[in-house]
2 protein chains.
Amino acid sequence: MNYCPGLGYSQGVTTAGTARDTTTRTGPGAARQHTLRERNLELVARAVFEVPEPLSRAGVAAATGLARATVSTLVDQLVAARLVRELPAVTGGRAGRPAVPLVPAPRSVVGLGLEVNVDYLGVRVLDLTGDVVSERVVPGALHDSDPAVVLGRLGELAREVTDGVAASGMTVAGARLALPGLVDPRTGLLEVAPNLGWSSLDPVPLLGLGDLAVRIANEAKLAALAELAGGSDVAAPDSFIFVSGDVGIGGAVVVDRALFLGERGWNGEIGHVVVDPAGPRCSCGAFGCLEQYAGKEAMMRAAGLPPDSPLAALVARLAQTGAAAGGAQALPAGRALGSALADFVNLLDVGTIVLGGAYAELLPWLRADVEAVLADRVLAAPFVDLHVRAAQAGPHAALTGGAREVLRAVLAAPAAWV
Amino acid sequence: MNYCPGLGYSQGVTTAGTARDTTTRTGPGAARQHTLRERNLELVARAVFEVPEPLSRAGVAAATGLARATVSTLVDQLVAARLVRELPAVTGGRAGRPAVPLVPAPRSVVGLGLEVNVDYLGVRVLDLTGDVVSERVVPGALHDSDPAVVLGRLGELAREVTDGVAASGMTVAGARLALPGLVDPRTGLLEVAPNLGWSSLDPVPLLGLGDLAVRIANEAKLAALAELAGGSDVAAPDSFIFVSGDVGIGGAVVVDRALFLGERGWNGEIGHVVVDPAGPRCSCGAFGCLEQYAGKEAMMRAAGLPPDSPLAALVARLAQTGAAAGGAQALPAGRALGSALADFVNLLDVGTIVLGGAYAELLPWLRADVEAVLADRVLAAPFVDLHVRAAQAGPHAALTGGAREVLRAVLAAPAAWV
DNA sequence: GGCAATAGTTCATCCGTACAACAAATGCGG
DNA sequence: CCGCATTTGTTGTACGGATGAACTATTGCC
């Protein structure tokens, strides 16, 4: 599925004689004997976790290309590490010794998702099967709040939840804290979160979660990862653009089931893409940004509602005014959003667009305009099927995405758990 | 240098019970004993090729973390494969046995770059040191040309060049054909190249190059890769946005020295990003695309020149009208380009912008406007240094980029050459 | 009940790296 | 000029991990 023509890494053909590139790129390091073990442990773990029907040891061997003997020892280690569980042998009607199905271990190793957003605090625990083990979501008005107080409160919630989880014998592998702002994953610092009124702070210590490994990330990025779980009726795409409409507009890019983050993870800022340079001035100082057309307040105003109305009011108004779901021009946001998304697709060539936040509910009134503008403006539209769909992950998707991200890291390096 | 928080691969945590993701992702395959050898061969090759000062075997061992004994055997294989050459031992004034410097082997394994563009055909051969071994560039007016004739002629040029190269004992590792249009790397087909008047064709067989491995790619993408060689005075950035202005406007994205290609490699189409929805109609059918402001014809018209004037005429006119280099508003294209680039940066978070094609020469008259609009419109501008620079690779950069790409692939899998 | 079929385990073998010892080639101090 | 420290490169042994074949375990079917 990787169509890049073998462009996996640094090029490094240097013209002889010119002194540059002085920093030695250490690279991923030397491959030793135990590297094989780590690599194949990961391979086996992926085989067990990515397949819809449980595999046996023999099935894993066939799927991975490893020898049955090798798979046996690796699976035994994963079982001992409580990452994989053996189900009772099932006699499937065929001849031969019955196979032992291998499944992700439930309620053993879990991931913790944390979130501070404008109107709530949340904690969610997921186990390796994807089940929600425990969660707490507390509403609150957190514009211009005190980070120490809010994060301390979130830390308390997290401790309550993790204490209960640990009492049941589960192990918390780590945590991800989702924040609605510019986050620097290198330093773990929050640069600025306009809607919270926070800036330039180190949030992790304020949680007071001791030695638990907590990493921070942008809320929309983690919400996008939650979409990789797919929905009850629809499969998850491997590559998509995720755009979430709320007070601000957040975006993320997923390619081959991994986030694309640019240089610092500050990508996907579709809210400030040019829609019309003659448009209204944006809070960012520029003119005609998408946010001025498709941000929550702009949509409310366009519908004749107070800017801070709840989303339900807008939905009710749309239904009341008889705007045909599926019809064009129900919301002025539709064409603006389509225009910005067309830029996004032209620049990235990712053909599936997942709309989250308020857009998920408003999609019936947005879709016609969005799709029409995409067809007009995307250069490759004649050669590509563009898909626009609503987000599948439920409310507080960033909590799910954060917890999933912790568990993904566990599966990427299962050797640390054996 | 990888700031993504461990998002290397497919996630795969699936909710138990829901049937989806049915395609078994085979993954990169099982790691066997010889995988170690391949991996470490690559590591050693990179160490030799990426360092400005030649390393000895002991130096490679220190740089890679491998044992000296291991490095010795690996280096011997690379030398036998003619990828690496030993220089005469140099007694560097220090005590101890003199070290044998290892360098990329000159004139041994070479890469072939091919290109069809609107006004020329070209062939260029690079060796592993980055030197141009041989090249042929033939001007021609190729709008609305016959693909069979043009590609046949290019194939003849390529054979002439490769015959000479082979007669000198060199081995051509492969070729890349650069085309100005939408290319599908999966199938090797050219979907459409508007300026050539070509569409829906399989160009490789028309070259008549027999069993030589030829792959096709977009011209701007390969030109961007040429920038990884750096310039005589300035180091190459590891991540950058490349935008090349000509009749059309081409773009590419390089992150960590590798092309980012989206799903099909049809990304970087900045020429059709919205600058002003009330603007002129574009050849693509939409309104107010960047190409209508910063395409070559638009720039000529804005300067009062015939649309098909040579670039030199525009430069002369700018000098003549006394438009201050470095001053604002010398060209209307400047602010339009800045607007589209700001969208690009907002969506991708890549902070270095390399301008090629006509923009490289026009940069003195564009820079002030571009940088001003970027500062206004890029959301992360207060936290990031944005760099705008002219392309360093000389004319016909796609030829260099294509040849480099072939050699990069050789270094990524040196085991095939031992 | 015997036989074929499939799952899982055990064991000798092979491959590649690591570590240590050794050989080679130099600078330096006496 | 000689001995010694120093660094490079090579040789030999040990070890870890994957393999494939042989073996055991458990079922369906005739």
Side-chain angles (χ1 to χ4, degrees), chain A residues 28-44 47-48 53-80 84-103 414-415 418, chain B residues 27-44 47-48 53-80 84-102 414-415 418:
Chain A
R32 299 146 207 279
Q33 299 292 114
H34 67 87
T35 311
L36 283 187
R37 166 67 60 84
E38 290 171 11
R39 180 103 181 64
N40 286 333
L41 264 178
E42 178 191 327
L43 195 67
V44 169
V48 170
E53 296 299 313
L55 288 176
S56 64
R57 286 171 173 78
V60 171
T64 58
L66 291 165
R68 289 210 312 272
T70 310
V71 169
S72 249
T73 63
L74 294 173
V75 165
D76 288 347
Q77 293 189 25
L78 291 174
V79 169
V84 168
R85 171 166 299 182
E86 295 177 309
L87 293 183
V90 58
T91 155
R94 293 186 320 183
R97 173 174 170 173
V100 177
L102 303 168
V103 293
V418 303
Chain B
R32 297 145 208 278
Q33 300 291 114
H34 67 87
T35 312
L36 283 186
R37 165 67 58 86
E38 291 170 11
R39 180 101 179 67
N40 286 334
L41 264 178
E42 178 192 327
L43 195 67
V44 169
V48 171
E53 296 299 313
L55 287 177
S56 64
R57 287 170 172 78
V60 171
T64 58
L66 291 165
R68 288 210 313 271
T70 310
V71 169
S72 248
T73 63
L74 294 173
V75 164
D76 289 347
Q77 293 190 24
L78 291 175
V79 169
V84 168
R85 170 165 299 181
E86 296 178 307
L87 294 183
V90 56
T91 155
R94 291 186 322 182
R97 175 175 169 173
V100 178
L102 304 169
V418 303

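Convention: sequence-line order gives letters A, B, ...; per-chain numbering from 1.
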For nucleotides 18-21 of chain D, print each protein N/O atom paired with a nucleotide N/O atom at under 3.5 Å, atom names and distance only.
| residue | atom | partner | partner atom | Å |
| --- | --- | --- | --- | --- |
| D/dA18 | OP1 | A/N40 | ND2 | 3.2 |
| D/dT19 | OP1 | B/R32 | NH1 | 2.7 |
| D/dT19 | OP2 | A/A67 | N | 3.1 |
| D/dT19 | OP2 | A/T70 | OG1 | 2.7 |

In whole Å, what is the span from the [atom1] atom of [X] to the [atom2] atom of [N]?
X: B/Q77; N: D/dT10; atom1: CD; atom2: C1'; result: 15 Å
X: B/D76; N: C/dG16; atom1: CG; atom2: P; result: 15 Å
X: B/E86; N: D/dG9; atom1: CD; atom2: C1'; result: 11 Å

- Query: Under 4.0 Å between a side-chain N or O of B/T91 and OP1 or OP2 of C/dA25?
  - Reply: no
- Phosphate oxygens OP1/OP2 of D/dT10: is one of them under 4.0 Å from a side-chain N or O of B/S72? yes
- Message: Measuring from atom OG1 of B/T70 to atom CZ of B/R57, what distance do you get when rounded to the nearest 0.5 angstrom?
- Response: 13.0 Å
- Message: Counting distance alone, no hydrogens or angles: does the base of D/dT8 have a donor or acceptor under 3.5 Å from a partner atom on the side chain of B/R97?
- Response: yes
- Message: Checking contacts here: which listed nucleotide (D/dT6, D/dT8, D/dT26) is nearest the side-chain heavy atoms of B/A99?
- Response: D/dT8
- Note on the structure: Per atom distances to the A/S56 side chain, the nearest of C/dT26, C/dA7, D/dG28 is C/dA7
For [X] and [Y], which heavy atoms make the closest approach, and how far apart are they?
X: A/A415; Y: A/L41; result: CA-CD1, 3.8 Å
X: A/L78; Y: A/P414; result: CD2-CB, 3.8 Å
X: A/S56; Y: A/L102; result: C-CD1, 4.0 Å
X: A/L43; Y: B/A30; result: CD2-CA, 3.5 Å

- Nearest-nucleotide 5' precedence on DNA chain D, A/H34 against A/G96: A/H34
- Among A/E38, A/R32, A/R37, side-chain hydrogen bond (donor to acceptor under 3.5 Å, both in side chains) partner for A/H34: A/E38
